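The block underneath contains the structure these notes are about, expressed in structure tokens.
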2 protein chains.
Amino acid sequence: MMEKLNLLELPGHLIRRLQQQSTSVFQERMKAEGFDLTSVQFAVLNTLGKGEGLDQASVAKRIAYDRATIGGVIKRLEQKGLVTRTPDDEDRRAFKLNLTEQGKDQLAALQTVVLALQKDILSELSETEAAMLLELMMKAVKSRG
Amino acid sequence: MMEKLNLLELPGHLIRRLQQQSTSVFQERMKAEGFDLTSVQFAVLNTLGKGEGLDQASVAKRIAYDRATIGGVIKRLEQKGLVTRTPDDEDRRAFKLNLTEQGKDQLAALQTVVLALQKDILSELSETEAAMLLELMMKAVKSRG
DNA sequence: AGTATATAATAAGTATACATACTAAATGTG
DNA sequence: CACATTTAGTATGTATACTTATTATATACT
């Protein structure tokens, strides 16, 4: 008689729970501060913050998403008036992405909020433990970039 | 001039990347072994493995999902012929969930595969490091159960 | 018993997340 | 230049993941 795995102690389950906690904290904090942005949307906004006129594929590569998902995210950011899409003269398949003034303002205002909220995600850990976890996660993530 | 956050070193990003890696490894391995199940579907199957005749809400609570999501997952498991839903005589709102013979077989066959694949998720880490990461993740996850 | 509250499941809506396929355009090679 | 391959973006389809609302049923309380 095969014993069932104790799922709750396996890496896969714990990682998912942590991700769940992470997005949950992000959403609550953002809402509390009066912003209407998901973590993915913020990630894209932040990536566009340097004003390099990246295209969608480049953004996707930088933050490790697939093109299809990022396409949708950018569409929503455009609808919110935070991002503009301009046809790229040098590559007629692509669009150059840039923040609107409103997008820049939001991004600036968000820096403090997002930085602070990151600590809440790991609020159960001490400073040392959190640092250790970050270290291990960075090593564990195969950066296939 | 506000410096943009280096997203790539924040907990939120690393956790998401790890989750991405986790589900990716899970899917590849399952496919390679000839199974057609997602990690969530396996989690539900494994939870039902004890044969307690749990209902959807109980399953959801155990593995920390919301009811709506689990509803869909179970529907798909039912369509695959792995799970049965029987009206609960004691609570006419609920359904008792049980594995079919095929479900039990799959679950048994999956134990080794899933256990093995968990190591691949953290293949960049040494045994000691992986253990440490697990430890920290368990502590970091607020088990609001 | 009658009523307020809580709960199980579903429905509807939004937002990821990714695979696959397709179109248009760019690039590499002979 | 002709042709094969690659790439940018979109479309389609499937599967989470969660919120809010709704319906039916239970439970608690008066």
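A note on names: the letters A, B, ... follow the listed sequences, proteins ahead of strands, and every chain is numbered from 1. Here the structure is a predicted model, which means the values were calculated and not measured. Any value given below was found using the heavy atoms of this structure, including those in side chains, with hydrogens, waters and symmetry copies removed.
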Checklist entry - CZ/B:Arg29 to CZ/B:Phe35 distance, rounded to the nearest 0.5 angstrom? => result 12.5 Å
Item to check | Under 4.0 Å protein heavy-atom contact, by nucleotide of nucleotides 10-23 of chain C - B base, S sugar-phosphate only | outcome: SB---SSBBB----
Checklist entry - Do A:Val83 and A:Val44 have side-chain heavy atoms sitting under 4.5 Å apart? => result no
Item to check | d(CD1, B:Ile63; P, D:dT16) in whole Å | outcome: 11 Å
Next on the checklist: Do A:Asp120 and A:Ser123 pair up side chain to side chain, a donor and an acceptor below 3.5 Å, judged on atom types alone?
Outcome noted: no
Next on the checklist: Within the 4.0 Å heavy-atom criterion, would you say B:Asp88 contacts the bases, only the backbone, or no part of the nucleic acid?
Outcome noted: nothing
Checklist outcome for this item: Between its two end axes (five pairs each) the helix from C:dA1-D:dT30 to C:dG30-D:dC1 turns, nearest 10 degrees, through 20°
Checklist entry - Is a salt bridge present between A:Lys104 and A:Glu101, judged by a nitrogen-to-oxygen distance below 4.0 Å? => result yes
Checklist entry - Can A:Lys80 and A:Gln41 be counted as having a side-chain donor-acceptor contact under 3.5 angstrom? => result yes
Checklist entry - Separation of B:Arg93 atom CZ from D:dT25 atom P, in whole Å? => result 10 Å
Checklist entry - Sequence neighbours excluded, which residues qualify as side-chain contact (heavy atoms from CB on, under 4.5 Å) partners of A:Asn6? => result A:Leu8, A:Glu9
Checklist entry - Per the atom types in the model, does the base of D:dT25 pair as donor or acceptor with the side chain of B:Arg92 at under 3.5 Å? => result no
Item to check | Interatomic distance, A:Ile74 CD1 vs D:dG9 P [rounded to whole Å] | outcome: 8 Å
Checklist outcome for this item: Test side chain to side chain contact (heavy atoms under 4.5 Å, CB included), reference B:Ser24, set B:Glu28, B:Gln27, B:Gln20, output is B:Glu28
